[in-house]
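The chains referred to below are lettered A, B, ... by the order of the sequence lines, with proteins before strands, and numbering in each begins at 1.
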Number of protein chains: 4
Amino acid sequence: MPASEPLAPRPENRRQRVLEAAASRFLRHGYSAASMRDIAADAGMQVGSIYYHFPSKADLLTAVHQEGLRRIKTAVTEALSGRQDPWERLEWACITHMEVLLHGGDFFQTVMRELPRETDPDWKHLVALRDDYEAIFTGLLDALTLPADMDRRKVRLMLLGAMNYSPMWYRSGDDAPANIARNFIEVLRRGLEPGAP
Amino acid sequence: MPASEPLAPRPENRRQRVLEAAASRFLRHGYSAASMRDIAADAGMQVGSIYYHFPSKADLLTAVHQEGLRRIKTAVTEALSGRQDPWERLEWACITHMEVLLHGGDFFQTVMRELPRETDPDWKHLVALRDDYEAIFTGLLDALTLPADMDRRKVRLMLLGAMNYSPMWYRSGDDAPANIARNFIEVLRRGLEPGAP
Amino acid sequence: MPASEPLAPRPENRRQRVLEAAASRFLRHGYSAASMRDIAADAGMQVGSIYYHFPSKADLLTAVHQEGLRRIKTAVTEALSGRQDPWERLEWACITHMEVLLHGGDFFQTVMRELPRETDPDWKHLVALRDDYEAIFTGLLDALTLPADMDRRKVRLMLLGAMNYSPMWYRSGDDAPANIARNFIEVLRRGLEPGAP
Amino acid sequence: MPASEPLAPRPENRRQRVLEAAASRFLRHGYSAASMRDIAADAGMQVGSIYYHFPSKADLLTAVHQEGLRRIKTAVTEALSGRQDPWERLEWACITHMEVLLHGGDFFQTVMRELPRETDPDWKHLVALRDDYEAIFTGLLDALTLPADMDRRKVRLMLLGAMNYSPMWYRSGDDAPANIARNFIEVLRRGLEPGAP
DNA sequence: GATGAATGAGTTTTCATTCAT
DNA sequence: CATGAATGAAAACTCATTCAT
């Protein structure tokens, strides 16, 4: 036998290929409309082969969520490192959130689109994963100096909602994600009637 | 003869029963994970009977969207009638939007949760239906007096995103929908640092 | 109430409309691929209404066969009346058979195309109906003066097969059915090598 | 360990088993009255397993036609090889045609019984397959020396019709297929009145 | 006579999963 | 590691038929 086979699949990135195919299919078709066969085809293998890497379809979804949240957490944490000003920190968290969401591939978008449902097999786990990420924003808002009666939870959910809805309307010609994020923060901070009594 | 016969089908509301069952299942399981069998069971009839009222599952989804959007449009239009002040009008649109979304049953929530995908059977139609409703908000924002460089489209999408994300976190003990809406408007109008330079 | 209603269906020909629609659908789609709903639609009525005229789909098929065979028997019998010469009688039977088969509507063609199968509900009945018609040809062949060892049954089946296959290849530009029939008879009588030893 | 394991699927002939079961069911019940469930049962497997080998019921029909026509073409071609005399060649083609049709199993008979309809899924393809076979007969007739005004197409269709109708009346006690074929050729060649003026 | 509404058994097809090789 | 082959349950949908009105 010669030294190398023509199609030799580099050993470790086949799992990754499956994961990417799954994220893409979950995002475009939804979890249950995405079929293992199609995912396998996208990943360039047979259905049965997926099961060597992942024990079930539900585990694939979990892995996509984990990967998506791992990426966003890493990115946000890195963006915050070294920054002190509370408003600047919030702004950079949002900039990163928007950039990863809109230009960072299918993983994080799948997390935000294929939101867990109470009827999902792994519901509690997925919710816990996401809550863990969103806790970063709880901390960032707590660090702001705000009027005493301001409901910080509502503000956080308002901001996250505004951002997470963006893949629904964002098109390639739109303003850059970072600018959209800055706009949201600006509106949030000053309001629409900055000079009002 | 006893008071009621088993086969008397209370003629007209069976179609409505199907529609309600479908909205509920679509909301709780997602469109493709919801089975016609379960919808039929919820509606108290046989699977085949659904097809007398709706030609396909996709049409059922379309009908749910139509009904949800018909309801919210009616409610918002009515809430706006007689009001003149632009900010008051926007606030009432949001109050109504939140009340119908959070306390108005499954229809409108399904519209906002089961967002159309490009791969969906009736995608363009569903998007057009929702755009038609959201156009109300375009008008409301156009009526506001805002700084000249303010991007009203972004503001509209920010506000809608904040509201439409709410079913994801809203729990029964939370503040009333109307209050949440008022809070959103307040933040949007004044910002979080009302006295800032 | 005014003197006449706009849609008043002339009382007796609705049964006939059903029968014609059935023949057409049976012929073009085959018995089991033809649906009662489609037949009803072609006939301009609701499915349920068919059951006033015919107790079941199988009975519809039987009725189509009966009507088709009634028509061809009437036509052939009439064509033979007054003719004495055995070969002329056979020729006219064939001319009529071909004309009704190729230009006589869907009934007789359905009889010959949707041939009864042993698995059909009404198999024996349908076969008996057709045998009854084909018996005419047995008689016509018996009347011919032929070489003693000639197997008249085989000749009859050869001739009927040749004719009954014709709807499969006959197209509107082809020779007239009567001419095709005359050709068949000519070949049958003289052979392809008329002057051979 | 006992002699055979229940799950050992004798690897390659399962596809063939499906094909045979399909031919048999299509022949006895007709294409649309034959159910995949019954075909699977005849083949000794689950319905779903059929779809590993054939993508749809329509493809199964196509495969049956292909196999039937492949068989008859092979048989006829072989029967003609080495023969020169035009009439002898035609006779042997007919002998083979009749033998395969009446004693050659369900495949070719299905081709000739389950004649393609314009409404069939794969209509044009099936017609093309059969035309390809029947072209052999066009060639055989062209090779005969016949009166100048003889319409060879009509003669070909007369002969094919006579043969293809035979499964409808052939019963096990009948004359051997080869003899029936010889009879047809004899009648075709000499006619019924060989000594006539 | 006709129909609107419903039924239940049936259809083809899809799918996640398994497992011997 | 990967796959070819199979499975059985479930999917959406169709259909002949029924029956009260």
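Every side-chain contact (heavy atoms from CB on, under 4.5 Å) that A:Ala58 has, sequence neighbours left out, goes to A:Tyr31, A:Ser56, A:Pro121. D:Asp38 pairs by the side-chain contact (heavy atoms from CB on, under 4.5 Å) definition with D:Arg25, D:Ser35, not counting sequence neighbours. Taking the side-chain hydrogen bond (donor to acceptor under 3.5 Å, both in side chains) definition, one finds that A:Arg37 meets it with nothing, sequence neighbours left out. Residues satisfying the salt bridge (charged side-chain N to carboxylate O under 4.0 Å, His left out) test with A:Arg117, not counting sequence neighbours, are B:Glu114. Residues satisfying the side-chain contact (heavy atoms from CB on, under 4.5 Å) criterion with D:Ser49, sequence neighbours excluded, are D:Met45, D:Gln46. The side-chain contact (heavy atoms from CB on, under 4.5 Å) search around B:Leu115 returns A:Arg113, A:Met168, B:Arg130, not counting sequence neighbours.
Screening residues 47-71 of chain A for salt bridge (charged side-chain N to carboxylate O under 4.0 Å, His left out), with sequence neighbours left out, gives A:Glu67-A:Arg70, A:Glu67-A:Arg71.
Of the side-chain N and O atoms in D:His53, none sit less than 4.0 angstrom from OP1 or OP2 of F:dG4.
If you take OH of B:Tyr51 and P of F:dA16, they are 17 Å apart, rounded to a whole angstrom. In this structure, C:Ile50 atom CD1 and E:dA2 atom C1' are separated by 12 Å, rounded to whole Å. Rounded to a whole Å, the CG atom of D:Leu60 is 15 Å from the C1' atom of E:dT11. Per the geometry, CG belonging to B:Asn13 stands 12 Å off P belonging to E:dA5, to the nearest Å.
Of the residues in residues 21-47 of chain B, those lying under 4.0 Å from DNA chain E by heavy-atom distance are B:Met45, B:Gln46.
Annotation: of the two residues near DNA chain E, C:Tyr52 and D:Lys57, the 5′-most nearest-nucleotide partner is C:Tyr52.
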message: Pairs counted only when both distances fall under 3.5 Å, Watson-Crick or G-U: show me the 5' to 3' dot-bracket for DNA chain F, [ ] for pseudoknotted crossings and | for other-strand partners.
response: .||||||||||||||||||||
